[in-house]
Amino acid sequence: MDSTNTNNKWAAAGILNTVGKDFIAGSVGGMSSIMAGHPFDTIKVMLQDASGNLPKFKNGFQALKYIMKVDGIKGIYRGLSVPLFSVSFTNSVFFATNNFCQGYFHPPCKDENGEDILIPYHKAAAAGAIAGGVISLLITPRDLVKSKLQVQCRPFGSTNVSLQYKGPIDVIRQTIKRDGIKGMFKGIRSTFCRDIPGDAVYFVVYEFMKRKLLALSKNNNNSNNQNSSSQKAGVPAWVAIGAGGCAGMSFWMSIYPMDVVKTRIQTQPDHLPPQYTSVLQTITKIYKEEGISVFFRGFSATILRAFPTSAVNFLMYETTRNLLNSKDPFYNNDDHYNAE
């Protein structure tokens, strides 16, 4: 009985310890990726815009040229404060949820050779999908505020035009005053449709590429004591960059049309009757009026942004986690993990 209680104590402590590290590492990774990728995100949203505040751009370069002429360098960072201040929490929840679900679906175990048994890809997909569903509840209000700030723009050549929103707090205030708290969750169904399948793909591709790159590193170094799945070995920086970048690109390639739908729903004018009322109705209306190509408007800017931002995200996440693990006496005591 005492042995069982001791094991349960260490298991509970281990879960809290791991979740705490995920929150810290996820926070560092998220803030780093936002700083690297926000200008590309602004261009993407401008290309997908449904507010009527902006002209229709043919490509990302045209959108960039326009915003630079109108507002200068600060224009491409419009709306940055919203994701920058929220990403610390949202990215932490994202990684912590995924890792918790992976541990639940596939508890740490070893084969007859003493090597860690890797989580199957279908379980990694399930964990990623759950993380995507959880994070959708947090990023829908954030993206609503960010998108509204990104698409409001004074006409070119004008210097004295009052903007609808003075900043993120004003967006929140006006939205709640007009639509109640539910107004902050406009577009949540399309966010679910984007992030649940997208994050399943995201983490499967990350796991796949990480294993391939670690195996390549192991072969090149002719090392027999480096296990590609070892928690203690950590993830080398170049592996996190390569696998993370590929994961980011795979996310957007798998769900990009749904991101267009989400942006259309969230950026439509508030003072007019809504053009877009549901996911299916939005897809049908866009296709009938603008054709299939509109579902990929802004795709180039997004893919250019996807690799570096996701690479930075995973690099900083893995680096921070490795650092925390190296300073953690609990983590470095095998008896805490292998108590029978």
query: Is the F203 ring parallel, tilted or perpendicular to the F94 ring (thresholds 30°, 60°)?
result: tilted
message: With no hydrogens and no angle check, just 3.5 Å: does a side-chain donor-acceptor pair link Q48 and D259?
response: yes
- prompt: So, do L214 and P236 sit near enough that their side-chain heavy atoms are less than 4.5 Å apart?
  reply: yes
- prompt: Thinking salt bridges, do R194 and D143 make one under a 4.0 Å N-O criterion?
  reply: yes
query: Is there side-chain contact between I265 and R189, with heavy atoms separated by less than 4.5 Å?
result: no
- prompt: Of the non-hydrogen atoms in M316 and G29, which two are nearest, and what is the gap between them?
  reply: CB-CA, 3.7 Å
- line: residues 175-184 vs salt bridge (charged side-chain N to carboxylate O under 4.0 Å, His left out), sequence neighbours excluded, gives R178-D270
field: Nearest-0.5 Å distance, OG1 of residue T309 to CE of residue M249
entry: 10.5 Å
message: What verdict does the side-chain contact (heavy atoms from CB on, under 4.5 Å) test give for V294 and R264, after you've listed the backbone C-alpha separation in whole Å, the side-chain angles of each residue and the deciding distance to 0.1 Å?
response: CA-CA 11 Å; V294 74; R264 287 296 183 96; 3.3 Å; yes
field: P197 versus F192, closest heavy-atom pair with distance
entry: CD-O, 3.7 Å
Non-hydrogen side-chain atoms of R321 and F95 separated by less than 4.5 Å: no
Shared hydrophobic cluster for V312 and L304 (ILVMFWY, side-chain gaps under 4.5 Å): no
message: Do Y256 and F295 land in one hydrophobic cluster if side-chain heavy atoms of ILVMFWY residues count as linked below 4.5 Å?
response: yes
message: Taking the ring of F314 and the ring of Y202, is the distance between their centroids below 6.0 Å?
response: yes
message: If you count heavy atoms of other groups shown closer than 6.0 angstrom to OH of Y165, is the number above 12?
response: yes
- prompt: Does V205 belong to the same Ile/Leu/Val/Met/Phe/Trp/Tyr cluster as I119, with side-chain heavy atoms less than 4.5 Å apart forming each link?
  reply: no
- prompt: Do Q268 and T282 have side chains that get closer than 4.5 Å, going by heavy atoms?
  reply: no
- prompt: How long is the span from the CG atom in L138 to the OG1 atom in T191, to the nearest 0.5 Å?
  reply: 11.5 Å
Heavy-atom closest contact (S250 atom, A247 atom, distance): OG-O, 2.7 Å
- prompt: Roughly how far, to the nearest 0.5 Å, is OG of S190 from CD of Q266?
  reply: 6.0 Å
query: Mind checking whether I135 and T97 have side chains closer than 4.5 Å, heavy atoms only?
result: no
Minimum heavy-atom distance G298-L47, with the two atoms named: CA-CD1, 3.3 Å
query: Atom CZ of R305 and atom OG1 of T42: how far apart are they, to the nearest 0.5 Å?
result: 9.0 Å
task: Work out which heavy atom in D195 is nearest to a heavy atom in S136; give both atom names and the distance.
output: CB-OG, 3.4 Å
Straight-line distance of T263 OG1 to Y276 OH, nearest 0.5 Å: 11.0 Å
query: Between the side chains of K285 and Q281, does any donor sit under 3.5 Å from an acceptor?
result: no
- prompt: In Å, rounded to the nearest 0.5 Å, how long is the span from OG1 of T267 to NZ of K186?
  reply: 9.5 Å
task: Could you identify which residues cluster with L280, counting Ile, Leu, Val, Met, Phe, Trp and Tyr as linked when any side-chain heavy atoms lie under 4.5 Å apart, either directly or through a chain of such contacts?
output: none
query: Does the side chain of H106 come within less than 4.5 Å of P120's, by heavy atoms?
result: yes
statement: Of all heavy-atom pairs linking I43 and A301, the shortest is CG2-CB, 4.0 Å
query: Parallel, tilted or perpendicular: which describes the rings of F100 and Y104, with under 30° parallel and over 60° perpendicular?
result: parallel
- prompt: I255, F40: one ILVMFWY side-chain cluster at the under-4.5 Å cut-off?
  reply: no
message: Run the side-chain contact (heavy atoms from CB on, under 4.5 Å) test on M253 and I303 for me, step by step, so that the C-alpha distance in whole Å, both residues' side-chain angles and the decisive distance to 0.1 Å come before the verdict.
response: CA-CA 8 Å; M253 287 190 286; I303 289 299; 3.8 Å; yes
- prompt: Are V235 and W238 connected in a single hydrophobic cluster, I mean Ile/Leu/Val/Met/Phe/Trp/Tyr linked by side-chain heavy atoms less than 4.5 Å apart?
  reply: yes
message: Pairing donors with acceptors under 3.5 angstrom, does anything connect the side chains of N322 and E318?
response: no
query: Any Lys/Arg nitrogen of E207 or K123 sitting under 4.0 Å from an Asp/Glu carboxylate oxygen of the other?
result: no
field: Minimum side-chain heavy-atom gap S310-F251 below 4.5 Å
entry: no
- request: Check the pair V279, M258 against side-chain contact (heavy atoms from CB on, under 4.5 Å), reporting the backbone distance first and the verdict last.
  value: CA-CA 8 Å; V279 172; M258 191 54 62; 3.9 Å; yes
message: Quick check: do K65 and F57 have side-chain heavy atoms less than 4.5 Å from each other?
response: no
